[in-house]
2 protein chains.
Amino acid sequence: MSLSQIRYFVTVAEEGNVGRAAQRLYVAQPAVSRQIRALEDEIGTRLFSRTPRGMTLLPPGRVFLDHARAILAAVDDAADAARAEGVTPPVGASSPAASRRPPG
Amino acid sequence: MSLSQIRYFVTVAEEGNVGRAAQRLYVAQPAVSRQIRALEDEIGTRLFSRTPRGMTLLPPGRVFLDHARAILAAVDDAADAARAEGVTPPVGASSPAASRRPPG
DNA sequence: GTCCGGCCAGATCAAAACGGCATTGGACGG
DNA sequence: CCGTCCAATGCCGTTTTGATCTGGCCGGAC
């Protein structure tokens, strides 16, 4: 399972359509189709129901969607938090971390 | 940023040593070294201090470590939750999801 | 001062993953 | 039956990842 697969999944779930999701992701349709399939294989359950009108979330997909969004948000948060800690704030900054920052 | 990079990071943080982390991850040392570097490049901040005795977490790394563990746990949770929803439970199961499951 | 051991990082090559294009196969409407 | 829309597959080139080998850096032993 990769973060790309999770992003693909969320987009397909939102669009209900692999082709449109691929456009939003700036990749071709087969790439999205394959990654969704791989994700389902790894989890061991179908996440979507394939219909001639597009893709519909199955119950496992609905559950996974909530988690997937949380994961993507957590990833962004993690990077932001590390970056924020990386910049050297001015002395006497309001962050509680300022007092436990070593000199090095 | 990839989940592998996050796993590599957590292991190196726990071991304080790229070589030992690589052993635990069943990959070679340079692979871990490169992924850690790539992660730092993407975030835009050094996460470790390189010393001749090993790797020590810098403040951004300490912050990132908490988030990283949460992400990995969330990924496992997501897969487990989807799988749990994927199995068809017996009628009258105690899960509240049972009542909103379509016939499939 | 010199040698040795541990550790991280770079270069190079091979394997795997990924994506794109072209195409197939299934369902629906005219 | 034919055109349209959608997802899935085959094939190929590109990108990414990892393994191996090698070098540089530092500390300890003597």
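In what follows, every chain begins at residue 1, and chains take the letters A, B, ... in the order their sequences are listed. In what follows, every heavy atom counts, from backbone to side chain, and hydrogens, waters and symmetry copies are set aside.
A donor-acceptor pair is defined here as one N or O able to donate and one able to accept, closer than 3.5 Å; no such pair exists between the side chain of Gln29(A) and the backbone of Ala22(A).
Gln5(B) has its CD atom 11 Å from the C1' atom of dT16(D), to the nearest Å. Between the CE atom of Met55(A) and the C1' atom of dA8(D) there is a distance of 10 Å, rounded to whole Å.
Not counting sequence neighbours, the partners of Leu58(A) by the side chain to side chain contact (heavy atoms under 4.5 Å, CB included) test are Arg46(A), Ser49(A), Pro60(A). When the salt bridge (Lys or Arg N to Asp or Glu O under 4.0 Å) test is applied to Asp80(B), the partners found at least two apart in sequence or on another chain are Arg83(B). Taking Tyr8(A) as the reference, nothing meets the ring pair (Phe, Tyr, Trp, His ring centres under 6.0 Å) condition, with sequence neighbours excluded. For Ala28(A), the side chain to side chain contact (heavy atoms under 4.5 Å, CB included) partners are Pro30(A), not counting sequence neighbours. Applying the salt bridge (Lys or Arg N to Asp or Glu O under 4.0 Å) test to Asp66(B) and every residue at least two apart in sequence or in another chain returns nothing. A search for side chain to side chain contact (heavy atoms under 4.5 Å, CB included) contacts involving Arg34(B) returns nothing, not counting sequence neighbours. Shown here are the side chain to side chain contact (heavy atoms under 4.5 Å, CB included) partners of Ala74(A), two or more places apart in sequence or in another chain: Ile71(B).
Looking at the side chain of Val18(B), the nearest of the listed nucleotides dA7(D), dG18(D), dC8(C) is dC8(C).
DNA chain D is contacted by no residue of residues 40-49 of chain A, taking any non-hydrogen atom closer than 4.0 Å. Within residues 19-39 of chain B, the residues having any heavy atom closer than 4.0 Å to DNA chain C are, in order of number, Gly19(B), Gln29(B), Pro30(B), Ser33(B), Arg34(B), Arg37(B).
Taking 4.5 Å as the limit, every side-chain heavy atom of Glu40(B) sits out of range of all side-chain heavy atoms of Thr45(B).
Proximity of Asn17(A) to the phosphate of dC6(D): a side-chain N or O atom is located under 4.0 Å from OP1 or OP2. Side-chain N/O atoms of Tyr8(A) include none lying less than 4.0 angstrom from OP1 or OP2 on dC18(C).
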Polar pairs (N or O, both sides) under 3.5 Å between protein and nucleotides 25-30 of chain D?
none

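For residues 2-28 of chain B, the pairs satisfying salt bridge (Lys or Arg N to Asp or Glu O under 4.0 Å) are Glu14(B)-Arg24(B), Glu14(B)-Arg69(B), Glu15(B)-Arg24(B), with sequence neighbours left out. Counting only residues at least two apart or in different chains, ring-ring contact (aromatic ring centres under 6.0 Å, His included) contacts with residues 50-85 of chain A comprise Phe9(A)-Phe64(A).
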